[in-house]
Structure formats: C-alpha cells, structure tokens
Amino acid sequence: MPELPEVESIVRGLRTSLVGRTITSAEVRWARAVDRPSVQGLVDGVTGGTVTGVSRRAKFIVIALGDAHLLVHLRMAGRLLLCRSAAIELVQDPYVRAAFHLDDGSVLLFRDVRKFGRLYLVQDPSEVVGALGPEPLADGFTPAVLRNCMTRRRQIKPLLLDQHVVAGLGNIYVDEALWKARLHPLRRADTLNDDDIRRLHAAVRSVLTRAINDGGTTLRDYRDCEGEVGQHQYALAVYGRAGEACPRCGGAIERIVVGQRGTHICARCQH
DNA sequence: CACAGCTCCTGGCAGC
DNA sequence: TGCTGCCAGGAGCTGT
C-alpha cells in the first residue's frame, strides 16, 4: 500500500530521469484507470508534453508537463515504473494499465493489479488535491496545526486516516505512529492533552521520515520506480506483528478492528 | 456530526 | 490436488 513514504520514494526516483523528457506517445489499456478528463483527452493532453517537474502531494504523484499536470494515485497496489526500454515482458504484462513512451526510448508504466489506482490530467492540481489536509512533513506542520486537526469527537485513528484532516498517512504508518506516541487508536481526538499532541506530532514525523530513509515498506506489492522493494518492513514495530512482543514493553501485540481497518496495537502501553 | 456499510478489484490463502 | 470463498484496503459514497 503506497503511503506518503512510498510515494515520496517513487517521486525521488523518477525526478532525475523524467525531468526534461518529452512524452512521444501514450496508451491506456484500461479505460477506467483514467479519472479525468477522458482516455482520449488524457492521451492527447500528455502527448508532446515535456516533463518540467515531479513532485508529491499527500499520496498523489504530480508530473508537471508545462501547464498541464498528470496526477497519479496508486491506491492499493499501483506501481509507477520507469523502464529503460520497452522490454517485451513489460509490453506483455497484463497488469500495465497505461504506458507513456519517452523521447529517450524509455517507458513510464502505470501497473496496477487491482485496478484501484487512477490517473488525472488537469491544468490546476488543486482541482484534485485542493481539499487535502496539511502535509505532515512540511515545515508548517507544527503541534499547533495538529492540535487544530484533532478538535473533533472522532476516534484518532480514523481521523488520522482522513486525507482531508492530515494528508499522506495510511493504515501502516498510522498504526506505527500511534504506537510510538503510546496512544490508543480508539481514543477520542478531543481528549488528547498537549503532551499527547506533542508526542503524536513527533511520532508521525519520525515514523514517516524513517520510512522514507528506508525507501518505503514492502509487505507485498510496493515497488519503487526501478521495481525494487523497500526496507522499512523490517523496522515496523506493530504493523503486521500480531502475536509478537511489543518492542517497548514486551506485551503482546494485538490485532483489532478500528473503523473497519485492521489495526495493530500494544494494549499494555497504548492508552 | 460520527460512523457503519458498500463499492471498486484481484491475488493469495485458509479451509475443506 | 483442486475448488470455493473470504480477505486486504484507499477513498468516495450512501444510509443510519
């Protein structure tokens, strides 16, 4: 599941190779991968475009083509792969939903087994990402900003997963951050005191930063733009570790369900 | 407003 | 071995 660190890793990998390249042709193999404007509109809109920047907003990859912007959301199992040549095995890969051929002979592939990922071609990225909450790694994301995100009566885990509240967290890193902050995912957000907020703020930033430094977490599907796995799965404290011992207190890690999501906690040290 | 449930999808896996 | 059916889950949506 690509979350902020995985998307950041892909963006960093793509940026060097992609900026300055011109898209010579594009093909969409599964029409519903295009959210907007339309398959033909997207193909026509990117063809001939030169990449002027590659960036990230929350879990969206933003490829700037002058005035136009190609946004990619990988959702559950999507990959954005840069292939040096249109190798035959990739051309025949049944899970490639779209391909963008570049002027140096390389190909940018959007591969998505589960068909949840989406492509958007817009003039103004805010049309797609405008309603998202703050970036948790931005300088402006202070404990006071987090405090403002946590004023409602909702449970903190579903609140942190809500991209309109804070943008970029997913199931893995919310569980990790809550564990690190010693906060129970079912706590009501408006019960957090200043120290809780301070710990949660620090935990979110350190969990994301460390995951980026490890090149992301590969549990099953995630690959970077070169097709390589990340390394952060070995550093996870609780996610996917039900039955193991809490690395902090030795208590048993449990799997519970919060907001219909599998959730991993140490009930002994998260309150 | 809070939250449960449904939808989209399909590979992987448990159970028989 | 081979089949069935359930599960995972990001995000948008509807229903309570």
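Throughout, a chain's letter reflects where its sequence line sits, starting with A, and its residues are numbered from 1.
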Looking at every strand, decide which applies to A:M1 at a 4.0 Å heavy-atom threshold: base, sugar-phosphate, or nothing.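 The answer is sugar-phosphate, as A:M1 gets under 4.0 Å only of primed atoms, P, OP1 or OP2.
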Could you tabulate the donor-acceptor pairs under 3.5 Å formed by side-chain atoms of residues 61-73 of chain A, not counting sequence neighbours?
{"unit_1": "A:H69", "atom_1": "ND1", "unit_2": "A:D67", "atom_2": "O", "d": "3.3"}
{"unit_1": "A:H69", "atom_1": "ND1", "unit_2": "A:Q123", "atom_2": "O", "d": "2.8"}
{"unit_1": "A:H73", "atom_1": "ND1", "unit_2": "A:R75", "atom_2": "N", "d": "2.9"}

Could you pull out the closest heavy-atom pair between A:P2 and A:L74, with the gap in Å? CG-CB, 3.8 Å
Measure across A:R241 and A:Q233 and return the closest heavy-atom pair with its distance rounded to 0.1 Å.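 Reported closest heavy-atom pair: NH2-O, 3.2 Å.
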Are the side chain of [X] and the backbone N or O of [Y] linked by a donor-acceptor pair below 3.5 Å?
X      : Y      : value
A:D162 : A:V166 : no
A:Q231 : A:G216 : no
A:E3   : A:V174 : no

When the distance from [atom1] of [X] to [atom2] of [N] is rounded to whole Å, what number comes out?
X      : N      : atom1 : atom2 : answer
A:R32  : C:dA11 : CZ    : P     : 18 Å
A:M76  : B:dC8  : CE    : P     : 16 Å
A:D190 : B:dC3  : CG    : P     : 10 Å
A:D112 : C:dA11 : CG    : C1'   : 14 Å
A:R187 : B:dA2  : CZ    : C1'   : 18 Å
A:L119 : C:dA11 : CG    : P     : 16 Å
A:R111 : B:dC9  : CZ    : P     : 17 Å
A:R75  : B:dC8  : CZ    : P     : 13 Å

Positions of residues 153-178 of chain A (non-hydrogen atom under 4.0 Å from DNA chain C), listed by number: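 The answer is A:Q163, A:H164, A:N171.
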Does the side chain of A:H73 get closer than 4.0 angstrom to OP1 or OP2 of C:dG10 through an N or O atom?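 A:H73 to C:dG10 OP1/OP2: no side-chain N or O under 4.0 Å.
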Residue pairs, two or more places apart or on separate chains, that pass salt bridge (charged side-chain N to carboxylate O under 4.0 Å, His left out) and touch residues 138-147 of chain A: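 Output for this query lists A:R147-A:D194.
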Taking only nitrogen or oxygen atoms into account, show me every contact under 3.5 Å that the protein makes with nucleotides 10-13 of chain B, one pair per line with its distance.
{"unit_1": "B:dT10", "atom_1": "OP1", "unit_2": "A:K115", "atom_2": "NZ", "d": "2.7"}
{"unit_1": "B:dG11", "atom_1": "OP1", "unit_2": "A:Y95", "atom_2": "OH", "d": "2.6"}

Do A:Y239 and A:Y173 have their ring centres less than 6.0 Å from each other? no
Tell me, please, which residues at least two apart from A:E226 pass side-chain hydrogen bond (donor to acceptor under 3.5 Å, both in side chains).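 Counting only residues at least two positions away or on another chain, A:E226 forms a side-chain hydrogen bond (donor to acceptor under 3.5 Å, both in side chains) with A:R84.
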Check whether any side-chain heavy atom of A:E6 sits under 4.5 Å from a side-chain heavy atom of A:D224, and report yes or no. no
Is A:F116 stacked on the base of C:dA11 when the test is centres under 5.5 angstrom and planes under 30 degrees? no
Nucleic acid contacts of residues 254-263 of chain A, taken as heavy-atom distances under 4.0 Å to DNA chain B: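 Here the set is A:G259, A:Q260.
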Check whether A:V7 and A:L119 end up in the same hydrophobic cluster, where Ile, Leu, Val, Met, Phe, Trp and Tyr are linked by side-chain heavy atoms less than 4.5 Å apart. yes
